[in-house]
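Here's the structure we're looking at; comments come further down.
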Amino acid sequence: MADRTGSRGAGLTHPGVPGFSVEVYQNVNLPEGGREVNAIVTITADGGGPAVPVPSASPSPSAFPLSAPAPDAAVVLMVDCSGSMDYPPAKMRSAREATAAAVDALRDGVAFAVVAGTHQAREVYPAGGRLAVADATTRGQAKEALRKLSPGGGTAIGTWLRTADRLLSSSDASIRHGILLTDGRNEHEEPDALRASLDACAGRFTCDARGVGTDWKVQEVTGIASALLGSADIVADPAGLAEDFTRMMEAVMGKEVGDVSLRLWTPQGAEVVFVKQVAPTVEDLSDRRREAGPRAGDYPTGSWGDESRDYHVCVRVPSAHVGQEMLAARVSLVLPTPDGAPPHVLAQGLVRAVWTDDLVASTALNPQVAHYTGQAELAQAIQQGLDLRKSGDLDGATAKLGRAVQLASRSGHADTAKLLAKVVDVVDAANGTVRLKAKVSEEAEMTLETRSTKTVRVKK
């Protein structure tokens with residue numbers, strides 16, 4: 001039996017901020033002695049429900065001009081100005097234009113700054129360790145400062161991130177966000193230094209990361225976005241930067257609630273196996289758990305606007321006999337309070353377990369769980385296949401990428417199927433029969449790798 005449960009948060013009266021709902025999709029039935037419970041938790045924020053008690057809010061960014069009420073947000077734009085941005089010269093010009101377009105998308109009242117990144121971080125605007133407040137004057141001044149940016153120097157991304165963190169920490173905005181652009185590898189600091197910077201910034205602000213051209217390292221850009229709960233993508237042609245930056249900034253302007261956590265409570269004897277975001281991208285949150293009281297832990301989800309996301313929760317419970325039933329987990333969406341009081345509970349859902357001797361009931365796969373299990377395997381197969389191809393294991397790469405083609409075909413993931421077809425010749429998609437292409441462009445390979453964790457929503 002497929003079970004769907006959930007609730008919408010209640011009793012929250014601040015107007016203009018989305019209400020939240022939690023829905024749980026699972027097969028509640030386990031065979032006698034069964035212990036593993038899987039559920040897909042769909043969290044939806046929308047403007048039609050009860051509201052969250054936080055200051056300031058804004059509706060959908062596309063529907064309102066700059067004079068609309070500003071979100072309670074602070075944003076830092078980090079622009080790669082290393083020497084490689086001069087090859088070709090159009091790259092630096094496109095970066096300046098894209099950052100200017102993002103500045104234009106800022107709403108009045110939003111705090112912001114621009115940082116030029118090389119082997120060090122330079123505050124371009126407003127400088128002096130401050131954030132500017134967006135209005136017609138400051139947007140114009142920022143764009144004037146951008147015109148003076150020129151390439152030269154190395155790349156030390158951890159330094160850029162720490163500078164952004166310092167600037168954002170000067171604001172009491174509930175939504176703190178970074179947008180980072182790079183065209184090269186992080187060659188002027190050790191990998192451990194970047195890792196330490198990401199650890200220091202995690203939970204303090206979110207960050208979208210973009211790689212322009214094809215000379216950057218996918219694992220670095222996607223690693224930044226993963227650690228800081230943002231998005232990652234490739235912009236192979238610099239001419240596409242302005243559109244991408246505008247879209248990113250509009251998404252930030254649509255955020256209305258920051259620092260939301262998914263809280264998982266489990267009963268005595270139960271343990272959490274994993275918690276993963278599975279839509280719109282695959283992101284394992286298991287090792288980011290923060291203890292939140294007896295048998296409860298918080299998993300960060302970042303900031304929210306008008307959107308919906310899916311999470312895969314797996315819990316191991318004590319075995320039981322036929323006919324017994326238990327609450328395997330209680331899933332809550334919580335928002336911290338500034339004064340240290342108990343957090344606001346925005347919505348809740350329940351994950352249940354019922355033991356049965358009905359073989360058909362206990363072995364049935366819930367469609368949502370099955371779909372996202374396949375999506376996670378798809379992402380892993382792509383990444384493993386590309387790694388094997390780079391290492392020269394062509395047979396292993398063919399097997400993994402063939403499996404990826406099969407999974408993409410089954411799940412209706414047309415975008416990923418198109419990207420795979422640029423790396424392999426598909427003989428039989430249903431059976432995963434493929435041949436590796438003899439020549440694959442860097443752009444095709446990097447695009448597939450960067451977007452491998454993007455998922456399609458299950459049809460409920």
Side-chain angles (χ1 to χ4, degrees), residues 25 27 36 38 40 211 213-223 225-226 231-236 273-274 276-286 310-312 314 363-460:
Y25 298 87
N27 180 0
E36 197 163 282
N38 286 275
I40 297 300
T214 57
D215 293 329
W216 47 279
K217 191 173 181 181
V218 171
Q219 292 91 335
E220 287 177 351
V221 170
T222 56
S226 173
S231 66
D233 207 350
I234 178 174
V235 185
V273 179
F274 62 76
K276 297 178 182 178
Q277 177 183 285
V278 289
T281 59
V282 177
E283 189 65 58
D284 194 341
L285 303 177
S286 305
D310 291 340
Y311 297 85
H312 186 171
C314 181
T363 57
L365 284 177
N366 175 267
Q368 284 79 10
V369 173
H371 175 85
Y372 285 123
T373 299
Q375 294 276 287
E377 185 187 351
L378 170 60
Q380 185 179 49
I382 291 172
Q383 292 164 356
Q384 290 176 341
L386 292 176
D387 286 343
L388 289 168
R389 184 179 178 277
K390 291 173 187 175
S391 69
D393 184 351
L394 302 186
D395 289 341
T398 301
K400 289 294 183 182
L401 293 174
R403 176 60 174 160
V405 167
Q406 184 182 43
L407 290 166
S409 175
R410 284 182 184 175
S411 64
H413 206 321
D415 289 343
T416 296
K418 290 177 183 177
L419 295 175
L420 281 162
K422 295 181 179 181
V423 177
V424 298
D425 291 316
V426 180
V427 179
D428 185 339
N431 291 312
T433 306
V434 303
R435 290 189 298 266
L436 293 182
K437 288 185 180 292
K439 292 184 178 180
V440 178
S441 70
E442 261 191 311
E443 177 184 342
E445 187 171 351
M446 291 176 71
T447 301
L448 176 60
E449 186 175 4
T450 304
R451 298 178 183 172
S452 63
T453 59
K454 294 183 183 294
T455 57
V456 291
R457 298 296 295 271
V458 66
K459 296 178 180 178
K460 298 185 174 70

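Note that the CG atom of Leu386 and the CD atom of Glu445 stand 5.5 Å from one another [nearest 0.5 Å]. Taking NZ of Lys437 as the start and CG of Asp425 as the end, the distance is 3.5 Å to the nearest 0.5 Å. We find the CG-CD distance between Asp387 and Gln219 to be 7.0 Å, quoted to the nearest 0.5 Å. Annotation: the span from Ile40 atom CD1 to Lys276 atom NZ amounts to 10.0 Å, rounded to 0.5 Å. Here CG of Leu378 is found 11.0 Å from CD of Gln406. Values are rounded to the nearest 0.5 Å. To the nearest 0.5 angstrom, Thr433 atom OG1 is 5.0 Å from Asp428 atom CG.
Residues Ile234 and Arg451 share a closest heavy-atom pair of O-NH2, 3.6 Å. Closest heavy-atom contact between Trp216 and Thr450: CH2-OG1, 3.5 Å. Counting all heavy atoms, side chain and backbone alike, Ser231 lies closest to Ala225 at O-CB, 3.4 Å. Nearest approach of Ala397 to Gly385, heavy atoms of both residues: CB-O, 3.4 Å. Contact record, Cys314 with Glu36: SG-CG, 3.4 Å, taken as the closest heavy-atom pair. Nearest heavy-atom pair across Val440 and Val423 is CG2-O, 3.8 Å.
Glu283 and Ser226 are linked by a side-chain donor-acceptor pair at a separation below 3.5 angstrom, with hydrogens and angles left out of the test. Judged purely by distance below 3.5 Å, without hydrogens or angles, the side chains of Ser286 and Asp284 pair a donor atom with an acceptor atom.
Not counting sequence neighbours, Thr373 has no partner by the side chain to side chain donor-acceptor pair (under 3.5 Å) test.
With a 4.5 Å cut-off on side-chain heavy atoms, Leu285 and Tyr311 count as touching. When side chains are defined from C-beta on, Asn38 counts as touching Phe274, because their heavy atoms get closer than 4.5 Å.
Exactly one of Gln375, Gln277, His371 qualifies for a side-chain contact (heavy atoms from CB on, under 4.5 Å) with Thr455. That residue is Gln375.
Applying the salt bridge (charged side-chain N to carboxylate O under 4.0 Å, His left out) rule to pairs touching residues 393-419 yields Glu377-Arg403, sequence neighbours excluded.
Side-chain atoms of Thr398 come within 3.5 Å of backbone atoms of Leu394 as a donor-acceptor pair (strictly under, hydrogens ignored). Under a 3.5 Å cut-off, the side chain of Asn27 and the backbone N or O of Ala364 do form a donor-acceptor pair.
Annotation for Lys422: atom NZ does not count as buried by contact number, only 12 or fewer foreign heavy atoms lying within 6.0 Å.
Under a 4.0 Å N-O distance rule, the pair Lys390/Glu449 qualifies as a salt bridge.
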Quiz item: Can you check side chain to side chain contact (heavy atoms under 4.5 Å, CB included) on Thr453 and Gln383, steps first, answer last?
Solution: CA-CA 9 Å; Thr453 59; Gln383 292 164 356; 3.5 Å; yes
Exercise. In sequence, state the C-alpha distance, the side-chain angles, and the governing distance for Ile382 and Thr416, and then conclude on side chain to side chain contact (heavy atoms under 4.5 Å, CB included).
Key: CA-CA 10 Å; Ile382 291 172; Thr416 296; 3.6 Å; yes
